[in-house]
Amino acid sequence: MEHLKPMEPTRIHSNGDSLFQDMTFAPDIPVYVTTAAYNKDPCPNKLHLGIGVYRTEEGKCHTLNVVKQVEQTLANDLSADKEYLPITGMPEFNKLSAKLMFGSGSPAIKESRVVTVQCVSGCLSLRVGAEFLAKHYHQHVVYLPEPTYGNHPNLISAAGLTLKTYRYYDPKTLVLDFQGLLEDLGSALTGAIVLFHACGHNPTGVDPTCQQWEQIRQLMRQRGLLPFFDCAYQGLVSGNLDDDAQSIRMFGCDGGECFVAQSYSKNMGLYGERIGSLSIVCKTADVARRVESQLKLIIRPLYSNPPIHGAAIVTAILKDRDLYQKWTNELKAMRDRLVQVRRQLYDSLCNKDPSQTSIAKEKMQDELFSIIQP
């Protein structure tokens, strides 16, 4: 039985004032303020440019047809129950998620060196990984790309890790500052953790090429740096799930160790289901078992175990050939529409202000049409 220490009795102020009367207002979170303003705005032609959600032409959150089909099947299954999942989540979901990320032929998977645990979307996948590193890794410094997803600093620093940045995007040339990236990682603290966006860098959309990723991988391994990937857009960048996982697979098959936070919010449209995973590639199968045992102790006080519904949807799609094909077809259609919409926006901006198009046409067009950032 888990032991709980007795709590000290709460002391009530004699004058009846609240114990929290001196508390200050926390600053509003901008992206949610934008959403609230959008919902209140009566304008029929409004566009929601806040939280990243794939929307229909009518501005509605899009539910994939294959997801609707699976949910109907799940609802009709009278044998299903709502039993708690294990601390590490649904075993089949974990197995299929690792295969999707690292590939069916992954040496690390075949050698049982990959630990995958179901988490509450990508955010807690990152947080669980950060908590694990804070407790079990000797280096507590994490390098984030500049710029990065706005919640990355919150998720990482909340675990007690120290944040630094490395150069990534050059706002003057509108392209990857690859030389600056190499210089910063080359001078990073030995053993430091480096956060990478696997594909579809948020917020710039600018990704290294395969050749540049290989240079990054070699430098990381030479310097003894630990890669931690955030993969939120697999399949939505190139339209191909395997192509969008190439950066991760380079690290996953070289015998070294790495962390991967995975989310199904974007590529399956399961935003509100909060479904994701954390995978850790280890040196040996024995280390992987030890890591998994410690991850359970990290997860237990955070949320005990993950929810079942989103995992059931993902598992049903990934394990069935026909459903998987339907998903990839819909995913490709979503990606193609995003490229089309971005092209229309680009052309409209160029027509509106031709004086600003010279750099954009030379430096920005390829990135603009090859990536998406919902």
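Heads up: numbering here begins at 1 and tracks the sequence. If you're wondering where the values come from, they're calculated on a predicted model, not measured in any experiment.
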Residues two or more places apart in sequence or in another chain: which of them pass side chain to side chain contact (heavy atoms under 4.5 Å, CB included) with [X]?
X	result
N154	N151
S293	none
F20	S18, M23
E57	R337

Can V117 be reached from L96 by stepping across I, L, V, M, F, W or Y side chains whose heavy atoms are under 4.5 Å apart?
->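 Result: no, two separate clusters.
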Is L126 reachable from V115 through a run of hydrophobic residues whose side-chain heavy atoms are each under 4.5 Å from the next?
->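 Cluster IDs for V115 and L126 match.
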Not counting sequence neighbours, which residues clear salt bridge (charged side-chain N to carboxylate O under 4.0 Å, His left out) with R289? List them please.
->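 Partners of R289 by the salt bridge (charged side-chain N to carboxylate O under 4.0 Å, His left out) criterion, ordered by chain and then number, come out as D286.
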Set of residues satisfying salt bridge (charged side-chain N to carboxylate O under 4.0 Å, His left out) with respect to E111, sequence neighbours excluded =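 Once residues adjacent in sequence are excluded, the partners of E111 under the salt bridge (charged side-chain N to carboxylate O under 4.0 Å, His left out) criterion are R113.
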For M90 and I308, work out which heavy atoms get closest and say how close.
->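 Nearest pair, atom of M90 first, then I308: CE-CG1, 3.8 Å.
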Considering all heavy atoms, the nearest V287-C282 contact |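 What the structure gives for the nearest pair is CG1-CB, 3.9 Å.
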Kindly indicate whether the side chain of [X], heavy atoms from C-beta on, has any atom under 4.5 Å from the side chain of [Y].
X	Y	value
R249	S106	no
F93	I275	yes
L174	D170	no
T328	Q325	yes

Just checking, is any N or O donor in the side chain of Q262 or S277 under 3.5 Å from an acceptor N or O on the other one?
->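 A donor-acceptor contact under 3.5 Å links the two side chains.
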Would you say the side chains of Q69 and N65 form a donor-acceptor pair under 3.5 Å?
->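 No, because no side-chain N or O of Q69 sits under 3.5 Å from a partner of the opposite role on N65.
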Could you grab the distance from atom [atom1] of [X] to atom [atom2] of [Y], nearest 0.5 Å is fine?
X	Y	atom1	atom2	answer
L176	T209	CG	OG1	8.5 Å
T34	I51	OG1	CD1	8.5 Å
S247	D207	OG	CG	8.0 Å
W213	M250	CH2	CE	9.0 Å
L85	N305	CG	CG	6.5 Å
I248	S279	CD1	OG	9.0 Å

Residue list, ring-ring contact (aromatic ring centres under 6.0 Å, His included) with Y137, at least two apart or on another chain |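 So Y137 forms no ring-ring contact (aromatic ring centres under 6.0 Å, His included) with any residue.
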Applying salt bridge (charged side-chain N to carboxylate O under 4.0 Å, His left out), which residue pairs with at least one partner in residues 176-186 are found, sequence neighbours left out?
->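 Residue pairs with at least one partner in residues 176-186: R167-E183, R167-D184.
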Flag this pair as yes if the NZ/CZ of K266 is under 6.0 angstrom from the six-membered ring centre of Y271 and inside a 45 degree cone about the axis; otherwise no.
->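 The answer is no; the distance or angle limit is not met.
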Take atom NZ of K46 as the centre, draw a 6.0 Å sphere, and report whether it contains more than 12 heavy atoms from other residues, nucleotides or ligands.
->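 More than 12 heavy atoms, drawn from other residues, nucleotides or ligands, come within 6.0 Å of this atom.
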Counting only heavy atoms not in I29, do more than 12 fall under 6.0 Å of its CD1?
->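 No, because the 6.0 Å sphere around CD1 of I29 holds 12 heavy atoms or fewer from other groups.
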Go through the steps to decide whether L124 and R127 satisfy the test side chain to side chain contact (heavy atoms under 4.5 Å, CB included), and finish with yes or no.
-> CA-CA 5 Å; L124 270 185; R127 178 63 183 276; 3.6 Å; yes
Angle class for the H152/Y149 ring planes (parallel below 30°, perpendicular above 60°, tilted otherwise)?
->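 The arrangement is perpendicular - the two ring planes meet at more than 60°.
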Any idea how H136 and F132 line up, ring-wise: parallel (<30°), tilted (30 to 60°), or perpendicular (>60°)?
->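 Answer is tilted, since the angle falls between 30° and 60°.
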Spell out, as yes or no, whether a donor-acceptor pair under 3.5 Å connects the side chain of [X] to the backbone of [Y].
X	Y	value
S125	S121	yes
Y143	L189	yes
D244	V237	yes
H197	N202	yes
T148	L144	no
H140	A134	yes
N240	D242	yes
Q118	G276	no

From the options I317, L64, D320, V314, select the one residue that forms a side chain to side chain contact (heavy atoms under 4.5 Å, CB included) with V70.
->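 That would be I317; it is the only one of I317, L64, D320, V314 passing the side chain to side chain contact (heavy atoms under 4.5 Å, CB included) with V70.
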Option from L278, L155, V120, L133 for which side chain to side chain contact (heavy atoms under 4.5 Å, CB included) with V128 holds |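 That would be L278.
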ring-ring contact (aromatic ring centres under 6.0 Å, His included) contacts in which one or both residues fall within residues 300-328, not counting sequence neighbours |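 Checked against ring-ring contact (aromatic ring centres under 6.0 Å, His included) - neighbours excluded - the pairs reaching residues 300-328 are Y324-W327.
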Where do L241 and L331 land on the side chain to side chain contact (heavy atoms under 4.5 Å, CB included) test, with the steps shown first?
-> CA-CA 9 Å; L241 290 158; L331 188 57; 3.8 Å; yes
Do N76 and Q72 pass the side chain to side chain donor-acceptor pair (under 3.5 Å) test, and can you show the C-alpha distance, the side-chain angles, and the key distance before you say yes or no?
-> CA-CA 6 Å; N76 293 336; Q72 187 61 59; 3.3 Å; yes
Pairs where residues 85-97 contributes a residue and the test side-chain hydrogen bond (donor to acceptor under 3.5 Å, both in side chains) is met, not counting sequence neighbours |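 Every side-chain hydrogen bond (donor to acceptor under 3.5 Å, both in side chains) pair that includes a residue of residues 85-97, provided the two are not neighbours, is S97-Y264.
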Validation: residues 218-229 side-chain donor-acceptor distances under 3.5 Å, sequence neighbours left out:
residue : atom : partner : partner atom : Å
Q218    : NE2  : E214    : OE2          : 2.9
R221    : NE   : D254    : OD2          : 2.8
R221    : NH1  : E257    : O            : 3.0
R221    : NH2  : F251    : O            : 3.3
R221    : NH2  : D254    : OD1          : 3.1
R221    : NH2  : E257    : O            : 3.4
R223    : NE   : G186    : O            : 2.8
R223    : NH2  : A188    : O            : 2.1

From CA spacing to verdict: side chain to side chain contact (heavy atoms under 4.5 Å, CB included), L270, S265 | CA-CA 4 Å; L270 298 176; S265 292; 5.8 Å; no
Which is it for V194 and V142 under the side chain to side chain contact (heavy atoms under 4.5 Å, CB included) test, yes or no, and what are the steps along the way?
-> CA-CA 6 Å; V194 181; V142 182; over 6 Å; no
Thinking salt bridges, do K332 and D336 make one under a 4.0 Å N-O criterion?
->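 Yes, this pair counts.
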Among all residues two or more places apart in sequence or in another chain, which pass the side chain to side chain donor-acceptor pair (under 3.5 Å) test with Q246?
->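 By the side chain to side chain donor-acceptor pair (under 3.5 Å) rule, Q246 matches no residue at all.
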